2 protein chains.
Amino acid sequence: MRPTLKDVARHSGVSIATIDRVLNQRPGVRQEMVDRVETAMAQLGYVRDISAADLSRRQASRFVFVIPDGPNSFMQRLAAEIETLRQFPSNNRMEIVLHKVPPFDGGALARVLNQLNPDTCSGVAVVAAEAIAVRDALARLKALSLPVVTLVSDVPAFPRDAYVGIDNVAAGRTAARLLGRFLGERKGKIALVAGSMLVRDHVERRMGFEQVIAETPGLDCLPVLEGRDDSRLVQRMLKECLSSHPEIVGLYNMGAGNRGLIETLSALPPTRRPQVVVHELSEHSRLALNEGLVDAIIHQDAGHEVRSALRILKARIDKTPLLQGQDQIRIEIYLNENLPSATS
Amino acid sequence: MRPTLKDVARHSGVSIATIDRVLNQRPGVRQEMVDRVETAMAQLGYVRDISAADLSRRQASRFVFVIPDGPNSFMQRLAAEIETLRQFPSNNRMEIVLHKVPPFDGGALARVLNQLNPDTCSGVAVVAAEAIAVRDALARLKALSLPVVTLVSDVPAFPRDAYVGIDNVAAGRTAARLLGRFLGERKGKIALVAGSMLVRDHVERRMGFEQVIAETPGLDCLPVLEGRDDSRLVQRMLKECLSSHPEIVGLYNMGAGNRGLIETLSALPPTRRPQVVVHELSEHSRLALNEGLVDAIIHQDAGHEVRSALRILKARIDKTPLLQGQDQIRIEIYLNENLPSATS
DNA sequence: CTGAAAGCGCTTACAG
DNA sequence: CTGAAAGCGCTTACAG
C-alpha cells in the first residue's frame, strides 16, 4: 500500500493538519516542522491522493470555455464536445461552462473574459483572437492566477499557460506536400480558399502551404479567396475562379465552407476536376472523399482538444504533472482508406 | 450540488447501506425497497461518485498487461508506455502489472493467462495470438468474469470485451493508396516486407494492401519477404530482392525491422530508390522520412492504446459508460511535414 | 504555530 | 432483510 498522510504523521511525529499545511504550501509553519515533514515524505515516497483531496475539499472546480459562435462547423463540433464532457457522469466534482461569443470580435471576447474571476471560475480555455483587448484580458486572468489555455487558435505573444491545438504552419505544409505528391509531374495553378486572412490559423496555414509550393517547380498559388466560412460565398467565388483559370490543377481549402466547395466540384466535368485537399472531417467532407471529389482531409480532433485542455487546467490547479504525449494534438491526414468509423 | 446517497436516503426513507446494496446490485433486498430506492434515484438524478467509491473500497484494482517480448520495437514502445503509466502518480488506487511472454508462442501466452485469477487481478489487456490454448485461456477469464481487452492484435473469434488497436486491413489499404498516389503514372513491381505471415495483423495488412494494388493498373506485388522483425534478415532479403528485380518502384514494410530496410535503401543510388511506406514512427523511421528515404509512415499511438485499454477495463468494472470516440485508435499517416515534435 | 475532530461520498463489516 | 457506525485519504474550521 502507498503511504498516506497518516504514515507521514507517524514517521515525522507531526500532526496531519500540519503536514497538510506543508503539502499545500500554506503559511504559518516553522521551518523545522517543514523540514521534518519533507524528509518523512521523501523517505516514504509519499504521493498525494488527488481524488481524496478533491473529495474533502467539497468545492468543485469550474472550467470555463469561451469559443466563437457562428456557422463554422469546426467550432460547432468543439461546442458539442464540450457539451458531451459537461454531461459526462464520471467527471464528478468538475463543472464545465461554455460561453459563446461573436466570431471575429476581439472586443466581445475580451468582455466575457473580463467577467471571470476566481470565485466563479477555476480555469479558462479560450479560442483566442488577436486583439489588444484580448491580451489585456488574458493579462488580468494571469494576475488573478487563473490558469488559461488557448484552444485551436493561439496567440503566442499573449500570456497563457499552454496552447492546445495543431501547428497550423505545419498543417499548411502537410496539405501542400500531399497535393504536390498527388499531382506528380502535372503543372499548373493552385486555388486557395480561406475563411478570413484576419484569423491567425488561416494565415499560418497559408504561409506553410506557400512555403512548400514555392519549392515545387511547375506549381503556383493563386491569390486567396476569402470565403468567410460561408458555403454560398465560397461556392460563388470558387466557381468564378475555376472558370477564369482553366490552368488550375489543385485546390486547398484551409477554412470552413466545404459544402459550397464540394457542390462546385461536383458540378465540374470529371476530367476538369483538380486535386483537392480540405480541412476538417465532417459528414460532408467524408462523403466527398468517398466520392473522389476530395483527395485528402487534414483534421484535428475536437474531442481530444477539449479533453486535453481540461487535463492541462486541472494539472495546473493540482500542481500535478502531465502524461508525456497525451496532450499533443496531431495533424491527422485522412484518405478514403483510413477514415474512422462514421459514428465517432 | 449533485445529490448524494444521503439525499437518496432522505428522499426514499431507506438507509444508506441498503441503497448501496441496490446500487451495487447485491442480493438480499426486498423488491419494495429496491423500487423505492430506484424511484428516488431517478427523481433526484443521482449519479454515483466513482472516485469516492474507489476510495472507500480501499482495495486497488490491478490491471495486468501481457505483451510479447523480443526485438519488435513497437512492442518495446508499448512496454515503455505501460511502465510510464504504472509509475504515474495520479493513477492512485490502480496498480499495473506487466508480463512479457516469448513472441509467436501461443502456449507460453496461455500459460501466463491461466495463472491469473480475480484475487490478484481485476482486468487483463493482452496482445492476442491465434492459438487454441489462447482461446481457452480467454474463455477461462471470461468464466471468472474478468474483463479482457485485446491489444494491437485482435482475434475477433475469441472471447474478449473489446479490441484496442487499429483495423489492419484498413491500414494496409491506406499504405497501398498512398503508394499508388505517390507513384502516379509509374508502373512496376512492389516489394512487400512482413514480420511473419503467421501473425494476424501482418496478414490483414497484406490483404488490404493487395486489394488496393489489384485495382491499380500497372502495379503488381512481389511475394512477401518474411523478415521476422529482424533488421539483419530484412536487410539481406531486401537487398537481394531489389537487385534481382530492377522493375521495383514501390516498397511496403508492414512489420518491424525498419532499420535494415533503411540501410538497404540508403545504399541504393538515388535514381533507383523506390517509393516507400513503412509502419511505426520511431527514431529511425523519422530520420529516414527526413532524408527522403521513406515517403510516408503509417502509425498507431502506443500510449493511446495503453490508456484506452485501461479506461475500457476500468469502465467495465465500474459499469460506467465510455466517452464516445476517445478510445478509437486512429490509423495515423505521417509525412515529413506533420511529424509530431521529437520528444513525444 | 500546532493539533484534534468533523466531514467529503462512498463501502464494509457487524448487529439486530 | 435492514441499519448504525467506522473508515478510505484528504481538508477545513475551530481550539488552544
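Since this is a predicted model, take the numbers as computed values, not measurements. Below, chain A is the first sequence line, B the second, and so on; all start at residue 1.
Ion pairing between B:R330 and A:D301 holds under the 4.0 Å rule for side-chain N and carboxylate O. Salt-bridge formation is detected for the pair B:K314/B:D54: a Lys NZ or Arg NE/NH1/NH2 atom is positioned less than 4.0 Å from an Asp or Glu carboxylate oxygen.
Of the listed nucleotides (D:dG9, C:dC1, C:dC10), C:dC10 has the atom at the smallest distance from the side chain of B:T4. With distances taken from any side-chain atom of B:T18 to the nucleotides D:dG3, D:dC10, D:dG9, the minimum falls on D:dG3. With C:dC10, D:dC8, D:dC1 as the candidates, the nucleotide lying closest to the side chain of B:R48 is C:dC10. Checking D:dC8, C:dC10, D:dT2 against every side-chain atom of B:Y46, the shortest atom distance belongs to C:dC10. Of the listed nucleotides (C:dG3, D:dG3, C:dG9), C:dG3 has the atom at the smallest distance from the side chain of A:V14.
Among the atoms of the strands shown, only primed sugar atoms or phosphate atoms (P, OP1, OP2) are found under 4.0 Å from some heavy atom of A:V47. Residue contacts for B:D54: at a heavy-atom cut-off of 4.0 Å it reaches no nucleic acid atom on any strand shown. Among the protein residues, B:A17 comes within range of the nucleic acid bases, having at least one heavy atom under 4.0 Å from a base atom.
At whole-Å resolution of the value, CZ in B:R10 and P in C:dG9 are 11 Å apart. Note: CG (A:L5) to P (C:dA4) measures 14 Å, nearest angstrom. What separates CG of A:D7 from C1' of D:dG9 is a distance of 10 Å, to the nearest Å. In this structure, A:I19 places its CD1 atom 12 Å from P of C:dT2, rounding to the nearest Å. Atom CG in A:L23 sits about 15 Å away from atom P in D:dG9, given to the nearest Å. The nearest whole Å value for the distance from the CG atom in B:L55 to the C1' atom in D:dC10 is 8 Å. Atom-to-atom, CE of B:M94 to P of D:dC8 comes out at 22 Å; the value is rounded to the nearest Å. Across the protein-nucleic acid pair, B:R36 atom CZ and D:dG3 atom C1' stand 13 Å apart, rounded to whole Å.
With hydrogens and angles ignored, a donor-acceptor pair under 3.5 angstrom links the side chain of B:R21 to the base of D:dG3. One donor-acceptor pair, N or O on each side, does fall under 3.5 Å between the base of C:dC10 and the side chain of B:S56.
Judged by closest nucleotide on DNA chain D, A:K6 is the one of A:I16 and A:K6 placed further toward the 5' end.
Neither side chain, A:Q76 nor A:N72, offers a donor N or O lying under 3.5 Å from an acceptor on the other. Of the N and O atoms on the side chains of B:N117 and B:R140, not one donor lies less than 3.5 Å from an acceptor on the other residue.
In this structure, A:R26 does not reach the C:dC1 phosphate: none of its side-chain N or O atoms is under 4.0 Å from OP1 or OP2.
When both pairing distances are held under 3.5 Å, D:dA4 makes no Watson-Crick or G-U pair with any nucleotide shown. Using Watson-Crick or G-U wobble geometry with both donor-acceptor distances under 3.5 Å, D:dA13 finds no partner in any strand shown.
Atom CG of A:L141 is separated from atom CG of A:L116 by 6.0 Å, given to the nearest 0.5 angstrom.
Residues satisfying the side chain to side chain contact (heavy atoms under 4.5 Å, CB included) test with A:A131, not counting sequence neighbours, are A:V134.
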